[in-house]
Amino acid sequence: MKHLLVTGGAGFIGANFVYYWLNKYPEDHIVVLDALTYAGNRTNLLEAEKNPKFEFVHGNILDQPLVETLLKKHNINTIVHFAAESHVDRSIHGPDEFINTNIVGTHTLLKASKKIWLDQGRTDHRFHHISTDEVYGTLGPNDLPFTEKTAYAPNSPYAASKAASDHLVRAYHETYGLNTTISNCSNNYGPFQFPEKLIPLVIINILFNKPLPIYGDGKQIRDWLYVDDHNRGVDLIIKKGTPGQTYNIGGSNEWANIDIVNLICELIFEKLSGDPGLAERFPDSPASKNINPKVLIEHVKDRAGHDRRYAIDAGQLIKKLDYSPAESFETGIRKTLNWFFENEMWWNRLLDDSYKCWIEKNYIG
Ligand code: NAD
Ligand code: DAU
């Protein structure tokens, strides 16, 4: 039986992971440790909190005594480490939090794990570190996708902080023998994603007749994966992965940003123009007036150090651990849109004045 400590479980991928795991392994226990930053939302875990096998702890991964207490008190044998500052644009405007949480925070967790597991002779443990394809830098149009052997070349403070944390995790395996695994995943989308990221931002801006900011020419490419397919990969790595190993996770689904934005415009146009009830709920949206929301697209100043293309080669995970994504992009993006339509309360509450100011200051050129 697993006793999991899930850091950052009130965020986008972490919350989806909690539901995935409780549903698949109902006998396991989960403790979430989350500092509830702007990106963390306890209501993401409302359903999980009804489960007696689940507990939420409001706290910071930088608090080593707290982490040690949790490891002992709950007899934790598996850490799944999602907690991070995750938004590239924020890392450009203010890198300090990224260094604190992503590097120092990860090191704090490693120190606590060493002390409570290794120094007490507990070999039945796993520290799984969630990382990103951004550590590999950027690809040219004809380059092969990133493999686990691609040299690290991070370009943003966010990517550099994640790269540093990956190195620390690796070092704790090589030096001290901590049972670690790392996964480097491509761009996720799905329920609970904070609306500063491209897909939820575009959905919400279309509904409120706000500009759709496209950085530069919009031809940058990202490799999109539905969030449950990320978590399915993490599950396989925790259950069957080799300690000390790194695994890429991705679904070979490359899209230029402008094409994704155009697709979302089409899908929302289809939905609102064919459903008077929905159109009534979002009267300001061009789609409710039979106008394709593409009219809202605005090319704005490019992101500094903007990576041109990401693409993941998940061959190792597919061949060695029998991984395959369950969701196609067609089904995943429709599911995501439906979730945002059905959960207006969830995202409306996030659009407070400070959030709107941040978006306006940083995006609208
Ligand atoms: P998110 O920003 O939605 O959530 C991060 C969570 O971590 C929040 O709940 C926040 O409150 C919590 N947190 C932040 N600092 C903390 C601290 N010091 N102590 C405790 N909790 C803290 O992030 P996400 O998009 O869900 O990403 C989760 C992880 O997955 C990150 O490590 C990220 O680097 C990685 N990742 C994300 C993607 C993606 O597309 N979103 C892709 C690959 C990898
Ligand atoms: O690749 C994995 C990474 O994906 C994760 O490690 C990060 O945590 C996650 O935030 C994501 O990073 P990106 O920078 O790729 O995601 P974002 O949604 O911010 O942007 C996606 C692309 O869209 C990127 O090329 C920038 C562009 N963009 C983004 C926003 C928010 C725009 O053109 N306009 C926008 O308003």
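Atoms within each ligand, like the ligands themselves, are counted from 1 in listed order.
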>> For atom 20 (C) of ligand 1, what is the closest protein heavy atom, and at what distance to 0.1 Å?
In response: Ala35 N, 3.2 Å
>> Please list, in number order, the atoms of ligand 1 under 4.0 Å from a heavy atom of Phe82.
In response: 28 (C), 29 (C), 31 (C), 32 (O)
> By number and element, which atoms of ligand 2 are closer than 4.0 Å to a non-hydrogen atom of Asp133?
Replying inline: 1 (O), 2 (C)
> Using the benzene-type ring in the case of Trp, are the ring centres of Phe194 and His87 under 6.0 Å apart?
Replying inline: no
> Atoms of ligand 1 less than 4.0 Å from Ser131 heavy atoms?
Replying inline: 43 (C), 44 (C)
>> Using a 4.0 Å heavy-atom cut-off, which part of Asn102 comes near ligand 1: side chain, backbone, both, or neither?
In response: neither
> Parallel under 30°, tilted from 30 to 60°, perpendicular over 60°: which one fits the rings of Trp255 and Phe329?
Replying inline: tilted
> Which protein heavy atom lies closest to atom 3 (O) of ligand 1, and at what distance to 0.1 Å?
Replying inline: Phe12 N, 3.1 Å
>> Among all the protein's non-hydrogen atoms, which is closest to atom 5 (C) of ligand 1, and how far away is it?
In response: Ala84 O, 3.4 Å
> Under 4.0 Å from any heavy atom of Tyr158, which atoms of ligand 2 are there?
Replying inline: 5 (C), 6 (O), 7 (C), 8 (O)
> So which bit of Asp223 gets within less than 4.0 Å of ligand 2, heavy atoms only: side chain, backbone, both or neither?
Replying inline: neither
> Which atoms of ligand 1 have any heavy atom of Ser186 under 4.0 Å away?
Replying inline: 42 (C), 43 (C)
> Picking from Asp217, Asp302, Asp143, what satisfies salt bridge (Lys or Arg N to Asp or Glu O under 4.0 Å) with Arg308?
Replying inline: Asp217
>> Under 4.0 Å from a heavy atom of Leu201: which atoms of ligand 2 are those, numbered in the order shown and with their elements?
In response: 36 (O)
>> Using a 3.5 Å cut-off on N or O atoms only, is Tyr310 in polar contact with ligand 2?
In response: no
>> Minimum distance, heavy atoms only, to atom 17 (P) of ligand 2: which one of Asp302, Ile13, Leu198, Ile130 is it?
In response: Leu198
> Crowded around Glu280 CD? As in, over 12 foreign heavy atoms under 6.0 Å?
Replying inline: no
> If hydrogens are left out, which of Asn60, Thr37, Asn44 has an atom nearest to atom 18 (N) of ligand 1, that is, the closest non-hydrogen atom?
Replying inline: Asn60
>> Show me which atoms of ligand 2 lie under 4.0 Å from any heavy atom of His87.
In response: 19 (O)
> To which of Gly250, Pro213, Gly218 does the heavy atom nearest atom 34 (N) of ligand 2 belong?
Replying inline: Pro213
>> Which of the numbered atoms in ligand 2 are under 4.0 angstrom from any heavy atom belonging to Val88?
In response: 14 (O)
>> With the threshold set at under 4.0 angstrom, would you say Gly9 reaches ligand 1 through any of its heavy atoms?
In response: no
>> Which option wins on minimum heavy-atom distance to atom 30 (O) of ligand 1: Asn184, Ile130, Val234?
In response: Ile130
> How long is the gap from OG1 on Thr132 to CG on Asn102, to the nearest 0.5 Å?
Replying inline: 10.5 Å
> Thr132 heavy atoms, cut-off 4.0 Å: which ligand 2 atoms fall inside?
Replying inline: 1 (O), 2 (C), 3 (C), 5 (C), 6 (O)
> Going by the atom numbers of ligand 1, which of them fall below 4.0 Å from some non-hydrogen atom of Gly59?
Replying inline: 20 (C)
> Where does Lys162 meet ligand 1, judged by heavy-atom distances below 4.0 Å: at the side chain, the backbone, both, or neither?
Replying inline: side chain
> Which of the numbered atoms in ligand 2 are below 4.0 angstrom from a heavy atom of Ile214?
Replying inline: 33 (O)
>> Ring-plane angle category for Tyr189 and Tyr226, please: parallel below 30°, perpendicular beyond 60°, tilted otherwise.
In response: perpendicular
> Given Thr132, Ile13, Thr7, which has its nearest heavy atom closest to atom 38 (C) of ligand 1?
Replying inline: Ile13
>> Considering non-hydrogen atoms of the protein only, which is the closest contact for atom 11 (O) of ligand 1, and what is the distance?
In response: Asp34 OD1, 2.6 Å
> Any nitrogen or oxygen of Ser186, main chain or side chain, under 3.5 Å from a nitrogen or oxygen of ligand 2?
Replying inline: no
>> Does the plane of the ring in Phe17 sit parallel, tilted or perpendicular to the ring in Phe82? Use 30° and 60° as the thresholds.
In response: tilted
> Considering only heavy atoms of Glu196, which atoms of ligand 2 have at least one such atom less than 4.0 Å away?
Replying inline: 31 (C)
>> On a heavy-atom basis, I'd like to know which of Arg303, His306, Glu85, Lys197 is closest to atom 14 (O) of ligand 2.
In response: Arg303
> Roughly how far apart are Arg222 CZ and Leu198 CG, rounded to 0.5 Å?
Replying inline: 9.5 Å
>> Suppose I only count heavy atoms of Asn187 and a 4.0 Å limit; which atoms of ligand 1 are within that range?
In response: 40 (O)
> For Gly190 and Thr336, which heavy atoms make the closest approach, and how far apart are they?
Replying inline: CA-OG1, 3.5 Å
> Which atoms of ligand 1 have any heavy atom of Leu36 under 4.0 Å away?
Replying inline: 11 (O)
> Atom CD of Gln193 and atom CZ of Phe340: how far apart are they, to the nearest 0.5 Å?
Replying inline: 6.5 Å
> Identify the closest protein heavy atom to atom 19 (N) of ligand 1: which residue and atom is it, and at what distance?
Replying inline: Ile61 N, 3.1 Å
> With a cut-off of 4.0 Å, which atoms of ligand 1 are near a heavy atom of Ser86?
Replying inline: 1 (P), 2 (O), 23 (O), 25 (O)
>> Please classify the Tyr158 to ligand 1 contact at 4.0 Å (heavy-atom distances, strictly less than): side chain, backbone, both or neither.
In response: side chain
> Hey, is Ala10 one of the residues with a heavy atom under 4.0 angstrom from ligand 1?
Replying inline: yes
>> Is the terminal nitrogen or CZ of Lys239 (NZ for Lys, CZ for Arg) located under 6.0 angstrom from the six-membered ring centre of Tyr25 and within 45° of that ring's axis?
In response: yes
>> Rounded at 0.5 Å granularity, tell me how far OG1 in Thr78 sits from CG in Asp124.
In response: 8.5 Å
